[in-house]
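Worth saying up front: this structure is predicted, and the values here are computed from it rather than measured. Labels below follow one simple rule: chain letters A, B, ... track the order of the sequence lines, proteins then strands, and each chain is numbered from 1. In what follows, every heavy atom counts, from backbone to side chain, and hydrogens, waters and symmetry copies are set aside.
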Amino acid sequence: MDFSLTDDQVMIRDAAQDFLADKSGSEAVRAAMASEAGFDAAVWQAIGAELGWCAVAVPEELGGMGLGPVELMLIQEQAGYHLLCSPFFSTVCLGTTLLKSLGSDEAQGEFLPKVAEGSSRFASSIACGVEAKAESRSGQWLLNGVVSQVCDAGEDSLLLLFAETDDGAGLFAVPGNAEGVSIVSQTGWDASRRFATVELNDAVAAMRCDDATRLASGGRKANALSRLYVAAEQLGAAQRCLDMTVAYISERKQFGRTIASFQAIKHRCAQMMVQVEGLRSAVYGAAALAADESDVQALSMECAMAKALASDVLFHCAGEAIQLHGGVGFTEEYDPGLYFKRARASKGWLGTPEELRAEIAGVLL
Amino acid sequence: MNLLESAEDKAFREEVASWMAEHLVGEYEVLKHRGGPGDEEAYPELRKQWERELAGGGWTCVGWPKEYGGRGLSIEHQVIFHEEYARVGGPGRMGHIGEGLIGPALIAFGNEAQKAEFLPGIVKGETYWCQGYSEPSAGSDLANIQTKCWMDEDGDWRVSGQKVWTSLAMDSDWIFVIARCEPGSKGNKGLAFLLMPLDQPGVTIKPIHQLTGGAEFNEVFFDAAVARAEHIVGEPGEGWKVAMGLLAAERGVSTLGQQMHFAHELDLVIKAAKANGTASDPLIRDRIARAWSGLRVLRYNALRMLSGGADVSLGREALIYKYAWSNWHRDLGELAMDVLGPQGDVPAEDFDILRLQQVFFFSRADTIYAGTNEIQLNIMAERGLGMPKEPRGV
Ligand SMILES: Cc1cc2nc3c(=O)[nH]c(=O)nc-3n(C[C@H](O)[C@H](O)[C@H](O)COP(=O)(O)OP(=O)(O)OC[C@H]3O[C@@H](n4cnc5c(N)ncnc54)[C@H](O)[C@@H]3O)c2cc1C
């Protein structure tokens with residue numbers, strides 16, 4: 001039993017930290033948020049093709065690095081810290097996780113190598129439940145319905161969507177530019193990640209991707225892992241809220257002393273630290289468990305725990321960041337507001353804290 | 001990162017579990033889950049006998065080096081020992097102050113004669129110790145020690161003054177104290193660290209009744225009481241270094257055992273909730289899920305602490321730990337009483353219910369001893385976040 005990171009893991013984390021400090025500063029984030037697509041194509045290109053982050057979790061035989069949840073979690077923590085605007089989340093944390101957990105060998109072989117080399121991206125929904133229907137007609141799967149909360153959907157993305165068939169749910173790959181697909185993208189209060197409503201009118205799927213034998217437990221596993229990756233991102237964001245607050249209050253003076261010297265302020269920062277470090281322990285622990293290929297039930301519990309906690313901790317820390325910055329914390333110009341909006345939005349992704357705790361209670365009681 | 005246990009670890013786990021299964025039986029059966037925090041006054045004599053039973057199997061001081069009578073276990077195996085001990089309800093350890101505090105301090109700072117004199121008694125479960133640090137005017141500001149000591153004509157040390165909140169003094173044979181050996185010195189300078197037998201004319205112990213009804217801690221008065229010349233640890237004036245080194249000596253290995261007890265308490269809460277129907281109340285369900293989640297956090301946090309290694313935030317996990325577990329425990333106590341409802345209002349006969357009542361009341365002390373919540377927050381802000389230090393009064 002060993003809880004420390006390996007040298008390779010430290011290297012991956014540090015590289016992500018350096019890259020994002022350079023490419024995802026406050027100005028870059030604001031520019032990406034204001035852009036049409038919601039992300040900087042050059043940064044995404046670098047992530048996929050140069051840094052190889054999209055290959056991290058892809059099996060080696062499909063052109064990836066064959067690494068696992070710990071490495072992805074570390075990248076996500078940094079992505080959250082820098083509020084990275086990028087389809088990395090939808091492509092790797094959602095899409096690749098889905099295909100790896102429940103995809104057929106054929107689907108994995110078809111799509112994952114392209115993701116690994118950075119030439120393809122996925123979009124999929126973070127809403128719970130199956131919203132579309134699929135029927136097989138003359139050898140083709142046709143999809144109909146409206147799918148909500150599809151993350152980073154774009155014409156150039158491959159949509160990975162669940163749809164109900166005559167014999168249960170299945171996972172389908174539909175090109176974003178296919179006929180019968182209409183993508184209505186909305187910019188939310190949190191403009192750092194885009195979600196779209198996708199309307200399907202006899203849209204032709206490129207492939208049915210699920211493997212029937214993997215669907216049930218693979219679906220739960222993918223759900224658990226995706227929650228873990230959101231939690232990791234929320235952890236990074238919460239850490240950033242604490243760091244920027246400590247930096248600000250150490251400079252700002254009132255009553256002839258830095259506001260950091262007031263005990264009321266120290267204690268509130270220390271309480272943030274308790275929460276952030278506790279969350280880090282939870283996220284690292286859940287990732288280590290995921291890497292050990294433990295049973296799905298245990299993994300679901302741990303990841304639900306991590307995501308519920310992460311949502312609460314980030315929301316608390318983002319609120320504290322605004323409060324302890326005073327008036328400037330309430331401005332557009334300063335960053336606390338960006339994190340506050342991300343905190344609010346991400347709370348609901350893949351389950352609210354209340355829903356997740358209800359799941360946990362269901363197992364305990 | 002790897003949470004899997006090696007085959008050797010598993011075998012060791014079984015070894016501990018089967019020893020416990022064979023020995024925690026018969027007259028010791030009543031001790032299961034007894035003697036924990038808030039329940040210290042349960043069966044003290046039988047628990048001391050149990051310490052000797054443990055010693056017979058070589059299960060005291062398992063983390064000490066073999067040359068001092070310990071078992072020389074690795075950190076992993078110590079953790080496993082404490083977990084398996086607690087899993088079957090191993091009773092609160094009467095010898096924990098000797099084993100966890102003064103023993104390691106003597107190993108680090110004592111001379112060979114002191115080690116030879118004191119360590120075997122701790123290992124064998126024959127000598128019991130208590131900690132004489134706090135005083136009426138030295139609480140959070142521990143360095144403000146007023147108890148005096150001086151050398152008499154025979155070269156022995158004499159001690160006068162008062163200690164307070166001394167846990168288990170009534171069941172102990174020896175006390176370790178910090179006292180001022182340089183008259184007029186202030187703060188952490190000029191202190192001596194002394195080992196003193198409690199059974200002597202100059203020492204008076206008076207119980208202090210706690211809000212729980214028990215009296216686990218005491219006032220200890222010294223009136224020219226004797227600490228023999230050879231029983232000073234370190235040089236006169238170096239007492240603070242020893243006193244602080246002692247607090248650091250506990251590397252937190254027993255903490256996973258403590259969590260096993262916490263898990264048992266959470267199980268009792270769940271059992272009570274199922275029994276009285278509160279398990280279907282959505283608010284109670286939410287709080288039980290929170291409690292379970294909090295315990296996972298504590299577990300992973302403790303594993304992080306014990307691994308150390310390449311983590312960036314090395315040290316921060318250790319800084320938060322006391323605050324995190326004590327406040328978690330306090331919340332659990334509140335949840336337990338809310339689950340029990342009116343049943344919680346009357347001291348229970350059934351120990352499974354009484355234990356929850358004890359957790360509710362005693363956990364109020366968890367956030368006071370070993371550094372109060374507020375002192376922990378000061379330390380975290382200053383050492384963890386680099387914020388300015390608290391000003392001192394003059
Ligand atoms: C059950 C129990 C067992 C104990 N066992 C032992 C033992 O065996 N041996 C021993 O030596 N001691 C023991 N103690 C004593 C314990 O260590 C002290 O109670 C503790 O250090 C607090 O000191 P105090 O009680 O004097 O409180 P005070 O220091 O007077 O504190 C009162 C309040 O003021 C706050 N406060 C104090 N200073 C600051 C500050 N700088 N900033 C903000 N807030 C502050 C505190 O947090 C607290 O809320 C025990 C205590 C308890 C409750």
Side-chain angles (χ1 to χ4, degrees), chain A residues 1-7 9-10 13-14 70 239 242 246 249-250 257-258 260-263 265-289 291-292 294 301-302 304-306 308-309 353-354 356-365, chain B residues 1-6 9 76 79-80 266 270 273-274 279-280 282 284-290 292-294 296-313 316-317 319-321 323-324 327 373-374 376-382 384-391:
Chain A
M1 186 144 72
D2 180 10
F3 214 67
S4 46
L5 300 176
T6 63
D7 291 347
Q9 289 166 342
V10 170
R13 183 198 58 203
D14 291 352
V70 175
Q239 178 74 61
L242 174 56
V246 171
I249 64 180
S250 301
R257 51 197 266 207
T258 63
S261 68
F262 295 110
Q263 193 181 62
I265 309 270
K266 284 169 69 177
H267 283 191
R268 285 168 69 170
C269 291
Q271 270 156 341
M272 284 199 254
M273 173 175 146
V274 173
Q275 294 199 12
V276 170
E277 289 306 322
L279 174 60
R280 177 165 290 117
S281 298
V283 168
Y284 282 31
L289 193 81
D292 286 346
S294 57
M301 293 272 279
E302 299 287 309
M305 174 275 289
L309 194 68
E354 292 73 22
L356 296 167
R357 284 193 293 268
E359 267 181 39
I360 292 170
V363 178
L364 295 176
L365 293 162
Chain B
M1 244 192 221
N2 169 19
L3 296 180
L4 295 179
E5 241 169 38
S6 68
D9 289 350
E76 285 82 0
V79 165
I80 290 172
L266 177 58
I270 290 174
K274 283 181 170 167
S280 60
I284 293 292
R285 293 174 76 84
D286 188 79
R287 288 170 67 190
I288 286 175
R290 277 177 196 271
W292 180 85
S293 300
R296 301 306 295 168
V297 169
L298 294 179
R299 176 173 173 77
Y300 290 132
N301 200 80
L303 293 177
R304 249 176 97 198
M305 275 158 59
L306 294 173
S307 307
D311 198 322
V312 246
S313 45
R316 282 195 181 183
E317 64 275 14
L319 283 174
I320 69 163
Y321 192 64
Y323 185 91
N327 288 282
N373 265 357
E374 293 72 23
Q376 296 292 337
L377 291 171
N378 285 346
I379 293 173
M380 285 185 268
E382 291 165 20
L385 299 173
M387 295 174 78
K389 278 198 166 0
E390 288 297 298

In Å and rounded to the nearest 0.5 Å, what is the [atom1] to [atom2] distance from [X] to [Y]?
{"X": "B:M387", "Y": "A:T258", "atom1": "CE", "atom2": "OG1", "result": "7.5 Å"}
{"X": "A:F3", "Y": "B:N301", "atom1": "CZ", "atom2": "CG", "result": "8.5 Å"}
{"X": "A:E302", "Y": "B:Y300", "atom1": "CD", "atom2": "OH", "result": "3.5 Å"}

Who among [options] has the most heavy-atom pairs with chain B under 4.5 Å?
{"options": "A:E359, A:Q271, A:M272", "result": "A:Q271"}
{"options": "A:V274, A:L356, A:I360, A:V246", "result": "A:V274"}
{"options": "A:G285, A:S250, A:G278", "result": "A:G285"}

[X] portion near chain B, given a 4.5 angstrom heavy-atom threshold:
{"X": "A:Q275", "answer": "neither"}
{"X": "A:A287", "answer": "neither"}
{"X": "A:A260", "answer": "both"}

| query | Would you call B:E317 and A:R280 a salt bridge, taking side-chain N to carboxylate O under 4.0 Å as the test? | reply | no
Compare every heavy atom of [Y] with every heavy atom of [X], then report the nearest pair and how far apart it is.
{"X": "B:K274", "Y": "A:L365", "result": "CE-C, 3.8 Å"}
{"X": "B:I270", "Y": "A:L364", "result": "CG2-O, 4.0 Å"}
{"X": "A:A270", "Y": "B:M380", "result": "CB-CB, 3.9 Å"}
{"X": "B:S307", "Y": "A:S4", "result": "CB-N, 3.8 Å"}

Do [X] and [Y] touch side chain to side chain, with heavy atoms closer than 4.5 Å?
{"X": "B:E390", "Y": "A:K266", "result": "yes"}
{"X": "B:R296", "Y": "A:M301", "result": "no"}
{"X": "B:L385", "Y": "A:C269", "result": "yes"}

Under a 4.5 Å heavy-atom cut-off, does chain A meet the side chain of [X], its backbone, both or neither?
{"X": "B:L266", "value": "neither"}
{"X": "B:R290", "value": "both"}
{"X": "B:N373", "value": "neither"}
{"X": "B:Q376", "value": "neither"}

| request: Could you give me the CA-CA distance, side-chain angles and deciding distance for B:Y321 and A:E277, then say whether side chain to side chain donor-acceptor pair (under 3.5 Å) is met? | output: CA-CA 9 Å; B:Y321 192 64; A:E277 289 306 322; over 6 Å; no
| Any idea which of B:N327, B:L298, B:D286 has the most non-hydrogen atom pairs under 4.5 angstrom with chain A? | B:D286
